[in-house]
Every structure is written in structure tokens, then in C-alpha cells.
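Read the structure below first, then the notes.
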2 protein chains.
Amino acid sequence: MSTIRGARERARSEVTAAIKDEARRQLAADGAAKLSLRAVARELGMVSSALYRYFPSRDDLLTALIVDAYDAVGATAEAARATPRGSSGPHPARWTVVTCAVRDWALAHPHEYGLIYGSPVPGYTAPQDTVGPASRVGLVLLGLARDAYLTDGLAAPPLAPELRPEAERMTADLAPDLPPAVVAALVAAWAQLFGLISFEVFGQFTRVVEERDPFFRRASRELARSVGLLDGRTAGTGSTGRAMS
Amino acid sequence: MSTIRGARERARSEVTAAIKDEARRQLAADGAAKLSLRAVARELGMVSSALYRYFPSRDDLLTALIVDAYDAVGATAEAARATPRGSSGPHPARWTVVTCAVRDWALAHPHEYGLIYGSPVPGYTAPQDTVGPASRVGLVLLGLARDAYLTDGLAAPPLAPELRPEAERMTADLAPDLPPAVVAALVAAWAQLFGLISFEVFGQFTRVVEERDPFFRRASRELARSVGLLDGRTAGTGSTGRAMS
DNA sequence: TCTAAAGCAAGAGCAGTGCTCTCGTTAGTG
DNA sequence: CACTAACGAGAGCACTGCTCTTGCTTTAGA
């Protein structure tokens, strides 16, 4: 129905997309701080006030870009998981395919990455619209763990007693079919993964790490190990998951 | 000599400090994006142009705040290491004392933390002045690993062949007295540590991790394990460091 | 089919920003 | 004592986000 009722609405969505595209261009060129509504409007041949028909404020434009960036990196992770190399073979290798894909996207889009995993730029509180797209990468990693658990099993990592309640809470929220120890370790690995990527994208590795590809691959492998992913040859030997749940 | 020659120079350094203090206040209140030279000057009772006698541009003022923030978090880490609980006892416990201190500082100064470990705000290239202060936390962690290596030994983590050249390069640069596998693992753990802290400070754990203290402690312990820190009871059993170097 | 309503672009304008330049003035140096 | 260099103040430029008003066009309803 939106195609027939279109006409005006289609024009609107086209202009909206053009604004976001130009904004993304400026974001990639100069960074989020220099992104200017007036410059976007100027480049699009309209006057700045016209732009407010589409985005009520600069922060709302930025929020739209944030959602898009979350979706882009999420789609990248999901695509890597659907790849032949990402959906078969030893589980740590699949894990590494996904993490490397995320890292590659981050290095290719540093400013968009900074928008979502750097300091929160806008009014300090992330809008509600971002929570869905923001979880896509995490869900892919969770899916990898679930796959491993259902096929070859998992070497469930240790779970300190004082963390058990929180681990069980996270498990109920995120993946009731996985052992709490695995879920807790996976959330930690998720954050640590983006620590590695952020340090690389934000230049913290300058003059410290030079050969970053093997460095990241090793760290990613260790991360997979920390959530208990087995490489198949040792299939099942450490599967204590069900017993611990 | 600077005390006698002072008078004017002392006044200058006092004004400089006052500017930085007020800027830090505004930074903590509203974030780096909203920090305004004019507002700082206004609050200090001077006119905005006078402020340019002390900082040639807004980015230079921000850079000064960045250096100060690096120094603050570095000093925090060093102080934690010098603490009784940070300088004795099992090595993973010492490690956790330091990492928790860094985390506490970050949670107490979120905007300053974002300034140094979030998206690079200024002209995209970090000035040379920041490399020294920026490495202080890393050096503390390195010192912890060295202590462990010299007393109880280290369970040197695995080192993939393709990472060996880079690991040896990093070792020559950072800590020639440590096994390359440990140095490589430590650099990775360093980045992963700030991934955990950043996710917490930047709100990525909202509605995901609730009980964050035990969560962080567990992750920190695992990080210590990943660099090979032993807890003393198993002293020496896994010390393969010298053999691998 | 005609009309009222809603969506839209444009322009002027406000308050605020970073930054530059030009002035007197004041404080340390030879 | 005279000189120079540092300093604070002010005006001003180009820019920003954002608001309000003014007309025009498209859409929807009687």
C-alpha cells in the first residue's frame, strides 16, 4: 500500500536517504564533530531550514546514522556467519571469520565505528531505537556458541560463585538454552573483542603493534577459547554445559 | 630558577591551570562536544580572545586535557600497584587490584575517559605529547607481568608461528626480559581490558549486564590468566618463559 | 470537482561558536 | 629610564544549530 500511496511519501523517503547519504559522506570525510547540517543542506542544494522537515535536530540525524551503522556492522557479521567459511568447519575458525569481518568493517569505516563504539556524542543517553540494531553482532556470536553447544559441545569456562546469579539472569534474558558460564564468558568476550578493534581503529596500537592481522587472529582465537569453543577434534570431551545449567 | 624568575610566569601558569580546571569542569558536566572556549573564558571573567594567549586553539586545550587524563589514569594505576594489596599476594589478585582501580577511575570520570579511550575528537591524529602519558597504564601491567615472571614464573601462553616475529619485535621494544608470548598476550589483554571498561562506561552493558562488579572481576581474572599470571600456589609449575625466549 | 488541510522550500533572523586583528596598558629587562 | 614583550579588552568575520514566517504545491475529504 505504501507503493500506491507513495508519490509524496516516496519523495520524502528519497530525500531522507539523500540526506543520510550526504551526511555519511561528510562523516567519513571529517568525523562526527565536523558534521554540519548546513553543509549537508548546501551540498544537496537546499536551504538548511528545509532539512528540519526530515530530521528534527542534528542529534536526530546522528542517531539515524548510528542506527544505520549498527545495522551495517550487524549485517556484516551475519553475512560472515552465513558464508561457507563462517558456517562450517571448526567452531573457533567460524568465530574468527565473524570477528575478522567485524574488524574489517571497522577499519574500513572508522568514523562510523567511532560513532557507535566510541564516546557517546549526542545527549549522553542512547535513544531506544538503537538497542535492537546494537545487539546484532552480539547475537551472531551467541549463535556461534549455540551451534557449537548443539554439535560438538562446549568446554564451559569456570564460573565464580559470586557471578552465578548474574550469569543466570543474563542466560534467561539472552540464551536460556546455554550454560550460564558460557553466556557470561561470551558477554565478556564480546566486550573484549571490541576493545581490540577499538584500540586498532582509534590508533592506540600505533608504534606498539605493527603486524596487526596475526595479532588480531591470535587474540580472536583466544577469545573463542575463553567461551569454550572447541575445534571439533576434541569434540565433546569438555561438554559440561547441560550439567552446569 | 623558575620560582625566582616567577612573578609573571607564575601568574601565567596559574591562569593556565585555572583555564584547564574550568575546562575540565565543563567537560565533566556536558561532555567534550559542548566544551566551549567562550564559556570557559566567561566563567573565568575574561574575554574569549584573552584565552588564546594560553592555548592557541580549542583543540590544543582539549589536547592538554587529554594529556592530563592519561596522567590521571596512569597515576591511578601506579598508585594501585604501590598499594599493599597491589604489591603483594598472588599475582592475579594484584592484577585485579590495578584493573579495578582503572575501572573505578573510568566510571568516576566518564567524559575524561571518553576523551582518551573513545573516538579521537580532534584533528584525527593524536599529538606526539600524548604517547608518553598514554602508555603508563600499559607499563604498570607490564610491570606486574615482570614481577610475576621474576618471582613465581609465568605460564607462557601459546604463541602461533605467524605471530612470532611481531611478538619478538614488541618484546624488544617493550620488555626484552620477558618471553615474547607473554608480551603479545599482555598487549592483547591490555586492549581487552579497555574493551570491558569502555562497554561499561559507554553504556553498552545497559540492560545486558547488571551486576557489573563481579562480572568485571571475573573477566579481569581471566585476563590475568591469559597472560600467564599464576596465583603462587602453583608457583613455577608452568614457567616456560625463559625456554621460549 | 472544489476546497480545506497538510506538507514543503525558502528566507530572515537569533544566539552562540572558534578564531583573528587591532588597540591601549602593564610588567619585567637592558 | 626607556623598551620590548606579554597581556586583556573589544570589534568583527565566518560559521553553526535552530526558529519563525511566508508563500506554494500536493493530498485528502465533502
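Since this is a predicted model, take the numbers as computed values, not measurements. Just so we're on the same page: letters track the sequence lines, and every chain starts at 1.
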Nearest whole Å is fine: how far is [N] [atom2] from [X] [atom1]?
{"X": "B/K34", "N": "D/dG17", "atom1": "NZ", "atom2": "P", "result": "12 Å"}
{"X": "A/E9", "N": "C/dG7", "atom1": "CD", "atom2": "P", "result": "10 Å"}
{"X": "B/M46", "N": "D/dC7", "atom1": "CE", "atom2": "C1'", "result": "11 Å"}
{"X": "B/L44", "N": "D/dG8", "atom1": "CG", "atom2": "C1'", "result": "13 Å"}
{"X": "B/L51", "N": "C/dT17", "atom1": "CG", "atom2": "C1'", "result": "14 Å"}
{"X": "A/R10", "N": "C/dG7", "atom1": "CZ", "atom2": "C1'", "result": "17 Å"}

In short, ring-ring contact (aromatic ring centres under 6.0 Å, His included) pairs touching residues 19-69 of chain B with sequence neighbours left out are none
What contact category does B/Y54 fall into here, base, sugar-phosphate, or nothing, at under 4.0 angstrom with non-hydrogen atoms?
sugar-phosphate
At 4.0 Å (heavy atoms only), tell me whether B/L35 reaches a base, stays on the sugar-phosphate, or touches nothing. sugar-phosphate
Just so I know, are the side chains of [X] and [Y] near enough to count as touching, which here means a heavy-atom distance under 4.5 Å?
{"X": "B/Q204", "Y": "A/I116", "answer": "no"}
{"X": "A/Y117", "Y": "A/I197", "answer": "no"}
{"X": "A/R217", "Y": "A/C100", "answer": "yes"}

Residues A/A80 and A/A101: closest non-hydrogen pair is CB-CB, 3.5 Å
Once you measure the plane-to-plane angle for B/F194 and B/Y113, does it fall in the parallel (<30°), tilted (30-60°) or perpendicular (>60°) bin?
parallel
Problem - Parallel, tilted or perpendicular, as decided by the 30° and 60° cut-offs, for the rings of B/F205 and B/F215 - result: perpendicular
Extract from the structure each pairing of a protein N or O with an N or O of nucleotides 18-22 of chain D at less than 3.5 Å, listing the distance.
from   : atom 1 : to    : atom 2 : distance (Å)
D/dC18 : OP2    : A/Y52 : OH     : 3.2
D/dC18 : OP2    : A/R58 : N      : 2.6
D/dC18 : N4     : A/R38 : NH1    : 3.4

| query | Can a side chain N or O of B/R12 be found less than 4.0 Å away from OP1 or OP2 on D/dC7? | reply | yes
(Q) OP1 or OP2 of C/dT17 versus the side-chain N and O atoms of B/R42: is any pair under 4.0 Å? (A) yes
Can you tell me if A/R169 has over 12 outside heavy atoms packed within less than 6.0 Å of its CZ?
yes
The nucleotide from D/dG17, C/dG11, C/dT17 with an atom nearest the side chain of A/V47 is C/dG11
Partner of B/E22 under salt bridge (charged side-chain N to carboxylate O under 4.0 Å, His left out), picked from B/R24, B/K20, B/R25, is B/R25
What residues 14-29 of chain A contributes to the DNA chain D interface at heavy-atom separation below 4.0 Å is none
